[in-house]
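Values reported hereafter were calculated over all heavy atoms of this structure, with side chains retained and with hydrogens, waters and symmetry mates removed. This chain uses plain numbering: 1 for the first residue, then up along the sequence.
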Amino acid sequence: MARLNKPDLVARFVEAPKIGGWGVLFLSKDEHPATFQIFKEGSNFAVRVYIWNISHGGKGRNPDEFRIQVTGFDQLTNPAGVKTVILGWWDDAEVFAGWDIRQHLAPLGASPSMQISRATLQDALLNGFAPYRNAKGETAIAIRPDFMGTYLRFLDDLHDSGTVPAEAALLEKLSADPDDVDEAEIDAAVAAARKHAIVTTRKALRALDFSKRILGAYGHRCAMCGTQLRLVDGAHILPVAHADSTDETSNGVALCAIHHRAYDRGLVTFKPDYSIVLNEVMASKLKKDDRSEGLKSFRAGLRPVIHIPPDKKDRPSKKFVASANSLRGW
């Protein structure tokens, strides 16, 4: 089992929100806890990060018992105006676990540790996140790296939901399959103060599942230019807002950041036969408006046809492609 040093643990944390499309800025460096600014689409907050390795509980312990061993501090702190998180990293499965700082503010005793189960960590690897309630009633949460931004955004709400039996049961169901939980069920079970957090978490989990399937099907490669570099998104062909849109893999395509934006804006598309087409009317207007710098290289970088997944069932549905093109004015 690999045990990472503190800089490497912090580096794992920094990478995690980025995988989910969040921005990360360093507010402090070479400190523990380190402080960062996390941001995405209007959500913007500072977070202090305590982080340790996750390991098995030790000789004679239950094989399912994993934990972090808190070292280097007599007492953890939770200052106002910044989110503070306690994280563990399990390198074997490349997942995190998070504990509620508010439950750990008393002076630390000898050899302090915080527990989570191996099964919960494995569930998070499969599903994005998974809650674990210990014998004292505290809820720890296992987190796949791409879910980290959402976890941090709703940090207190997610941990608080885990302490309420009805909400804890809903979290378990949500983590197993977000499609099995509808908004009416959330409305009935979750306290008003936390409904937005749980509804948004459900949407985020569905989006992560869709994106993971799309990127896997396309080999993490842009269908239009072949770029990887961890700059590729899983994009819906028929937009999410459309009544006929689905999260089926056949309604998705992997696109790098520039081609995703160009596709959404109608500068480029692909036909039901998968051939790529540049919008010549838009290209002419860009030239007329003196906004065409880079157009030549953009055109040259396009493949004649999109890269398609080897599995036929994962390939773009011709029905979705035709409908999406019509909606975008092609």
Side-chain angles (χ1 to χ4, degrees), residues 1-41 43-56 66-73 76-79 82-101 104 112-114 116 118 120-130 140-155 158 204 208 211-212 215-216 219-221 227-234 256-257:
M1 179 184 299
R3 292 186 64 84
L4 305 187
N5 60 32
K6 201 65 70 179
D8 286 343
L9 286 172
V10 171
R12 295 294 191 279
F13 168 77
V14 170
E15 184 64 24
K18 294 179 182 179
I19 295 171
W22 294 74
V24 181
L25 300 177
F26 287 80
L27 299 183
S28 71
K29 201 169 184 180
D30 302 325
E31 295 180 4
H32 188 227
T35 307
F36 305 90
Q37 196 76 20
I38 311 294
F39 57 93
K40 180 183 181 182
E41 298 171 357
S43 185
N44 192 332
F45 50 85
V47 59
R48 295 169 72 241
V49 180
Y50 291 103
I51 187 167
W52 290 273
N53 287 285
I54 295 175
S55 61
H56 179 252
F66 278 59
R67 65 181 180 178
I68 56 169
Q69 194 76 38
V70 179
T71 58
F73 297 92
L76 305 182
T77 60
N78 186 26
V82 59
K83 296 173 183 278
T84 299
V85 62
I86 303 170
L87 291 177
W89 169 256
W90 188 29
D91 201 56
D92 286 4
E94 299 187 342
V95 294
F96 295 89
W99 288 265
D100 188 350
I101 183 69
H104 299 278
S113 63
M114 301 175 198
I116 195 164
R118 180 189 183 108
T120 304
L121 294 166
Q122 292 173 334
D123 284 346
L125 178 63
L126 295 174
N127 302 324
F129 93 113
I141 296 176
I143 311 141
R144 199 171 63 202
D146 54 357
F147 184 71
M148 180 61 74
T150 301
Y151 168 69
L152 295 172
R153 180 182 178 187
F154 298 118
L155 185 65
L158 290 172
L208 288 177
S211 183
K212 186 179 181 183
L215 294 178
H220 294 257
R221 180 179 292 108
T227 294
Q228 290 183 318
L229 305 179
R230 290 186 174 171
L231 297 174
V232 183
D233 304 320
C256 69

Between S28 and R48: side-chain donor-acceptor atoms closer than 3.5 Å:
no
Measuring only between side-chain heavy atoms, which start at C-beta, is T35 closer than 4.5 Å to V47?
no
Begin from the C-alpha positions of L87 and I143 and carry the test side-chain contact (heavy atoms from CB on, under 4.5 Å) through to its verdict.
CA-CA 10 Å; L87 291 177; I143 311 141; 4.2 Å; yes
Which pair of non-hydrogen atoms, one from G219 and one from Q228, has the smallest distance, and what is that distance?
O-NE2, 2.8 Å
Measure the CG-CG distance between L25 and N44 for me, rounded to the nearest 0.5 Å.
8.0 Å
Check whether any side-chain heavy atom of R221 lies under 4.5 Å from a side-chain heavy atom of V232, and answer yes or no.
no
What do the steps show when you test F39 against F45 for ring pair (Phe, Tyr, Trp, His ring centres under 6.0 Å), and what is the final call?
CA-CA 7 Å; F39 57 93; F45 50 85; 9.6 Å; no
Look only at the side chain of H32 and the backbone of I51, and say whether a donor-acceptor pair between them is shorter than 3.5 Å.
yes
Which of these passes ring pair (Phe, Tyr, Trp, His ring centres under 6.0 Å) with F13: Y50, W89, F36, F26?
F36
When rounded to the nearest 0.5 Å, the distance separating NZ of K212 from NE2 of H220 is 9.0 Å
If we ignore hydrogens and angles and just use 3.5 Å, is the side chain of K40 paired with the main-chain N or O of G20 as donor and acceptor?
yes
All heavy atoms of A130 vs all of T120, minimum pair found to be O-CG2, 3.4 Å
Any side-chain heavy atom of R230 within less than 4.5 Å of one from E15?
yes
Student check: side-chain heavy atoms of I54 and L121 closer than 4.5 Å:
yes
Can you name the nearest heavy-atom pair linking W99 to G88, along with the distance?
CZ3-N, 3.6 Å
If the threshold is 4.0 Å, N to carboxylate O, is there a salt bridge linking E31 and K6?
no
Does a side-chain heavy-atom distance below 4.5 Å link R144 with L208?
yes
Could you measure the distance from the CG atom of D146 to the OG atom of S211? Nearest 0.5 Å is fine.
7.5 Å
Any heavy-atom pair between the side chains of T77 and T84 that's under 4.5 Å?
no
Between N53 and L4 (side chain of the first, backbone of the second, donor and acceptor by atom type, cut-off under 3.5 Å), is there such a pair?
yes
So P33 and V49, do their side chains get closer than 4.5 Å, heavy atoms only?
no
For G98 and Y151 the tightest heavy-atom approach is CA-OH, 3.4 Å
Are any non-hydrogen side-chain atoms of L152 and W22 less than 4.5 angstrom apart?
no
Where do L215 and G234 come nearest, in terms of heavy atoms and distance?
CD2-N, 4.1 Å
Polar side-chain atom of Q69 near backbone of P112 as donor-acceptor pair, under 3.5 Å:
yes
Is the F147 ring parallel, tilted or perpendicular to the F129 ring (thresholds 30°, 60°)?
parallel
Check for a donor-acceptor pair, side chain of N5 on one end and backbone N or O of D8 on the other, with a separation under 3.5 Å.
yes
side-chain contact (heavy atoms from CB on, under 4.5 Å) between M114 and I86, intermediate numbers included:
CA-CA 10 Å; M114 301 175 198; I86 303 170; 3.7 Å; yes
Worked check of side-chain contact (heavy atoms from CB on, under 4.5 Å) between V85 and I101
CA-CA 6 Å; V85 62; I101 183 69; over 6 Å; no
Would you sort out whether Q122 and L126 count as a side-chain contact (heavy atoms from CB on, under 4.5 Å), showing the intermediate values?
CA-CA 7 Å; Q122 292 173 334; L126 295 174; 5.9 Å; no
Measure the spacing between CG of D91 and OG of S55 and express it to the nearest 0.5 Å.
12.0 Å
I'd like to know whether the aromatic ring centres of W90 and F66 sit less than 6.0 Å apart in this structure.
yes
Which heavy atom in A97 sits nearest to a heavy atom in I116, and how many Å separate them?
CB-CD1, 3.6 Å
